[in-house]
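Report on the following structure.
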2 protein chains.
Amino acid sequence: MSNLKKDKRPLEIPKPTFERLKKYLALLLQEESEYISSEGIAEKLNITPEQVRKDFTYINIKGKPKVGYHIPPLINELSELFGIGVMDNIIIVGAGNLGSALAKYAGFKKIGVRVVAIFDNDPVKIGKFVGELSVLPFSEENLKRVIKRFKVKIGVICVTEESAQEVANILVRNGIKALWNFAPVTLKVPPGIVLENQDITTGVLTIKHLLEKK
Amino acid sequence: MSNLKKDKRPLEIPKPTFERLKKYLALLLQEESEYISSEGIAEKLNITPEQVRKDFTYINIKGKPKVGYHIPPLINELSELFGIGVMDNIIIVGAGNLGSALAKYAGFKKIGVRVVAIFDNDPVKIGKFVGELSVLPFSEENLKRVIKRFKVKIGVICVTEESAQEVANILVRNGIKALWNFAPVTLKVPPGIVLENQDITTGVLTIKHLLEKK
DNA sequence: TAGATTGTTAATCGATTAACAATC
DNA sequence: TAGATTGTTAATCGATTAACAATC
């Protein structure tokens, strides 16, 4: 366990800090140099170096004055925080363009994620290959088998908004513990199930708002 | 202009409020009833009704005690805030699965966004149709022409991380004012250019972190 | 050593929550 | 009218910023 202060009280990472830590990790994974200063990080993310240093007090790393932070251990520490060391098998439901894009996404490996199956109920898509995976029919038997065999905890929803809730129900019923939802719907899930909505349109709303102000 | 208080001082919408307003809008667009209470909204988004009411003080709407908020005017007000009334033409660079998914995404209309062109430099993809659009060769001439003709201000980057920065440079050079970046890279853009990074992996990091704590 | 950069504490700022009055 | 729900002000809580001491 890493987030202990000297006095041994574990401390909760504030939400905003947590979000920034994700950005630091993404940035560091791209970095090629060996060391980086708080200033270096701050600059690329449009925040202050003080912010960066403060955020780092929540994880167990030390920088060197005059040098900055050694990147590899920093990546390790952040990786541990996000549970990247443990490889999680995930399944994707919906083999449309979005589902296919995710199934083929190369960056998952770096963050401890492996796509083990992709499902669809469109006969045209079933059996076709998406990257190295053949599209499986979305039946409860198939689902059950895959989830059991690969100990899958995370299900990705890439279906239409009309089917999203039903798919969510089926996944949860078959033992999925977390849903990563790309459909533009507000899903209802039982307590204890982790739900992460990845609303793809929100970004463009921010852009429109910013452009309007000019 | 809508965000004035009684005393006519315009007031900045706090960032967290702004983010929630986006969620309210997404939710309301799915809603079928005519009225909704702060409690009704709060429940679906796992926040408190007080939060919702407080947030609404930043926009120009009034609810009715005992009834709640009338959804249509609420949607209008939020739409105005995000500049949804004005239709923005956007172009997509990269006709892979992700670019294609976006090009075909039906929900854009609702938020005042229209995809007018999709580019790629892969000869295999050029000329093929993605929805109703034929993939255009990614040349500066084509780009210039489309941007001028459709008054395009927003460019979407759906290319590999290797080409993303170069594509960004070319878009900006040809008059694009805002970039919506789906490539997992930290782009550098000149001041004045709006940059919105849509890092698709961040969601799963949150999931992994939450699952780990159990 | 001098200087740069980290790490930490204190002060400020801003957002959330609580309480309650207004109102349909 | 009574009751429910909004709207707003004040109190609390939490995050950011500033200042500076520690250290390589």
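Values below: every heavy atom of this structure, side chains too, minus hydrogens, waters and symmetry copies. All chains are named by letter (A, B, ...) in the order of the sequence lines, taking the proteins before the strands, and each is independently numbered beginning at 1.
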*Could you tell me the separation between the CD1 atom of Ile59(A) and the P atom of dT6(C), rounded to a whole number of Å?*
14 Å
*Could you tell me the separation between the CD1 atom of Ile41(A) and the P atom of dG7(C), rounded to a whole number of Å?*
11 Å
_Tell me whether the side-chain N/O atoms of Tyr35(A) come closer than 4.0 Å to OP1 or OP2 in dT6(C)._
no
*Taking NE2 from His70(A) and C1' from dT23(D), how many angstroms apart are they, rounded to a whole number?*
19 Å
*For the residue pair His209(A) and Phe82(B), categorise the inter-ring angle as parallel (less than 30°), tilted (30 to 60°) or perpendicular (more than 60°).*
perpendicular
*dT6(C) P sits how many Å from Lys64(A) NZ, rounded?*
12 Å
*Given pairs defined as Watson-Crick or G-U wobble with both distances under 3.5 Å, what dot-bracket annotation applies to DNA chain C, with ( ) intrastrand, [ ] crossing, | other strand and . unpaired?*
..||||||||||||||||||||||
*Could you check Lys66(A) against Glu39(A) and say which one's nearest nucleotide on DNA chain C is further toward the 5' end?*
Lys66(A)
*asked:* To the nearest 0.5 Å, what is the distance between OH on Tyr58(A) and CG on Leu81(A)?
replied: 13.0 Å
*Determine, step by step, whether Thr206(B) and Lys22(A) satisfy the side-chain hydrogen bond (donor to acceptor under 3.5 Å, both in side chains) criterion, reporting the C-alpha distance in whole Å, the side-chain angles of both residues, the deciding distance to 0.1 Å, and the verdict.*
CA-CA 9 Å; Thr206(B) 306; Lys22(A) 288 199 277 191; 2.5 Å; yes
_Judged by each residue's nearest nucleotide on DNA chain D, which is more toward the 5′ side, Phe56(B) or Pro65(A)?_
Phe56(B)
Which atoms of nucleotides 15-17 of chain C (N or O only) lie under 3.5 Å from a protein N or O atom, and what are those distances?
from, atom 1, to, atom 2, distance (Å)
dT16(C), OP1, Arg20(B), NH1, 2.9
dT16(C), OP2, Arg20(B), NH2, 3.0

*Under 4.0 Å between a side-chain N or O of Arg53(A) and OP1 or OP2 of dG7(C)?*
no
*Partner residues of Asp120(A) under the side chain to side chain donor-acceptor pair (under 3.5 Å) criterion, sequence neighbours left out*: none
*Interatomic distance where OH belongs to Tyr69(A) and P belongs to dT23(D) [whole Å]*: 14 Å
*Starting at atom CD1 of Ile61(A), determine the distance to atom P of dT5(C), rounded to an integer number of angstrom.*
16 Å
*asked:* On the nucleotide dT5(D), are OP1 or OP2 found under 4.0 Å from the side-chain N or O atoms that Ser38(B) carries?
replied: no
*Roughly how far apart are Cys158(A) SG and Leu98(A) CG, rounded to 0.5 Å?*
4.5 Å
*Does the Glu77(A) side chain pair with the main chain of Ile59(A), one donor and one acceptor, at a distance under 3.5 Å?*
no
_CD1 on Ile61(A) to CG on Asn76(A), rounded to 0.5 Å_ = 11.5 Å
*N or O in side chain of Ser37(A) less than 4.0 angstrom from dT5(C) OP1/OP2*: no
*For the atom pair CD (Gln51(A)) and CG (Leu45(A)), what is the distance rounded to the nearest 0.5 Å?*
10.5 Å
_Heavy-atom donor-acceptor pair, Lys208(A) side chain to Val86(B) backbone, under 3.5 Å_ = yes
